[in-house]
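One structure is given here, and the rest of the page talks about it.
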Amino acid sequence: MKDPYKVLGISPHATNEEVKSAYRELAKKYHPDNYANSPIADVAEEKMKEINEAYDEILKIRAGKGEGSHSGNTYNGGSYGSSNNDPYFAEVRQNINNGRIKDAESFLNSTPSEKRNAEWCFLMACVLTKKGYYFDALRLADTACNMAPENREFAALRDNLRRQSDGYGRQQQQNVGGGCNMCDICAMLYCLDCMCR
């Protein structure tokens with residue numbers, strides 16, 4: 001593998017923020033979506049893969065794992081943080097914790113398919129929950145739990161979403177069988193008026 005710092009065009013002494021900034025800039029420039037139906041789409045895809053690998057390697061080096069190590073991750077992401085989170089998603093966790101949901105969603109949507117692991121599903125479920133899409137969030141939380149059944153953080157989100165969706169279902173049933181509200185009465189009066197003419 002090439003020197004990951006050279007791939008990102010930064011010094012090995014660059015700060016973590018400089019590493020992220022260089023990665024984001026290159027990812028924006030070479031993202032395959034920018035080259036759809038272009039003769040250089042394959043080149044852009046290969047370059048994007050190289051950029052992702054370099055960024056991952058730098059994060060591993062900085063976490064003390066070094067090249068070639070495939071042991072568990074040690075990044076602790078704060079509010080969402082269990083000790084086995086993928087460093088690739090550190091910024092997404094920060095964005096969610098800081099209420100920057102659009103930034104988190106944008107990053108997750110641009111994540112290559114090979115990186116869409118259990119944590120990706122969990123974080124996208126968090127984003128969808130913040131946006132109020134509970135059923136889609138529950139589907140992704142279930143997927144995350146199926147991919148990593150031992151992860152308590154994923155299970156906690158799934159269980160919370162299940163409780164919310166159960167409550168929503170009960171509320172809907174109560175509304176169906178629980179009598180009329182003012183809108184129902186108005187609609188019924190309007191229909192009766194139309195029928196009597």
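- Between K47 and E50, at least one side-chain nitrogen of the basic residue sits less than 4.0 Å from a carboxylate oxygen of the acidic one, meeting the salt-bridge criterion.
- Put simply, the side chain of R158 does not reach to within 4.5 Å of the side chain of F122, judged on heavy atoms.
- Here R93 pairs with E119 in a salt bridge; the nearest charged N to carboxylate O distance falls below 4.0 Å.
- Across every non-hydrogen atom of C121 and A144, the tightest pair is CB-CB, 3.9 Å.
- With values rounded to the nearest 0.5 angstrom, L157 atom CG is found 4.5 Å from L161 atom CG.
- The two residues L26 and V7 have their closest heavy-atom pair at CD1-O, 3.7 Å.
- Relative ring orientation between Y23 and F107 is described as tilted, the plane-to-plane angle lying within the 30° to 60° band.
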task = Go through the steps to decide whether V127 and L123 satisfy the test side chain to side chain contact (heavy atoms under 4.5 Å, CB included), and finish with yes or no.
result = CA-CA 6 Å; V127 165; L123 293 171; 5.8 Å; no
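- Under the 3.5 Å distance criterion, the side-chain polar atoms of R162 are left unmatched by any main-chain donor or acceptor of L138.
- F154 and A118 make their closest contact through CE1-CB, 3.7 Å (heavy atoms, listed as atom of the first residue, atom of the second, distance).
- For the pair T129 (side chain) and A125 (backbone), a donor-acceptor distance under 3.5 Å is present.
- Environment of NZ in K115: crowded, with over 12 heavy atoms of neighbouring residues, nucleotides or ligands closer than 6.0 Å.
- Between atom CE of residue M147 and atom CG of residue L140 there is a gap of 10.5 Å, rounded to the nearest 0.5 Å.
- Separating the NZ atom in K28 from the CG atom in N34 is a distance of 10.5 Å, to the nearest 0.5 Å.
- Side-chain polar atoms of D42 and Y35 form no donor-acceptor pair below 3.5 angstrom.
- A donor-acceptor contact shorter than 3.5 Å is absent between the side chain of D56 and the backbone of Y88.
- A salt bridge is defined here as a Lys NZ or Arg NE, NH1 or NH2 lying under 4.0 Å from an Asp or Glu carboxylate O, and E17 with R24 meets this definition.
- Interatomic distance, CG of N52 versus OH of Y30, reported as 13.5 Å (0.5 Å rounding).
- Scanning all heavy atoms of the two residues, the minimum distance from E18 to A14 falls at OE1-CA, 3.1 Å.
- Each of L59, I10, I58 was evaluated against P4; a single residue qualifies, I58, per the side-chain contact (heavy atoms from CB on, under 4.5 Å) test.
- Here CD of E45 is found 10.0 Å from CG of D33. Values are rounded to the nearest 0.5 Å.
- Here the NZ-CZ distance, from K60 to R62, works out to 15.5 Å after rounding to the nearest 0.5 Å.
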ask   = Yes or no on side chain to side chain contact (heavy atoms under 4.5 Å, CB included) for L108 and F89, after CA distance, side-chain angles and deciding distance?
value = CA-CA 8 Å; L108 290 169; F89 295 112; 3.9 Å; yes
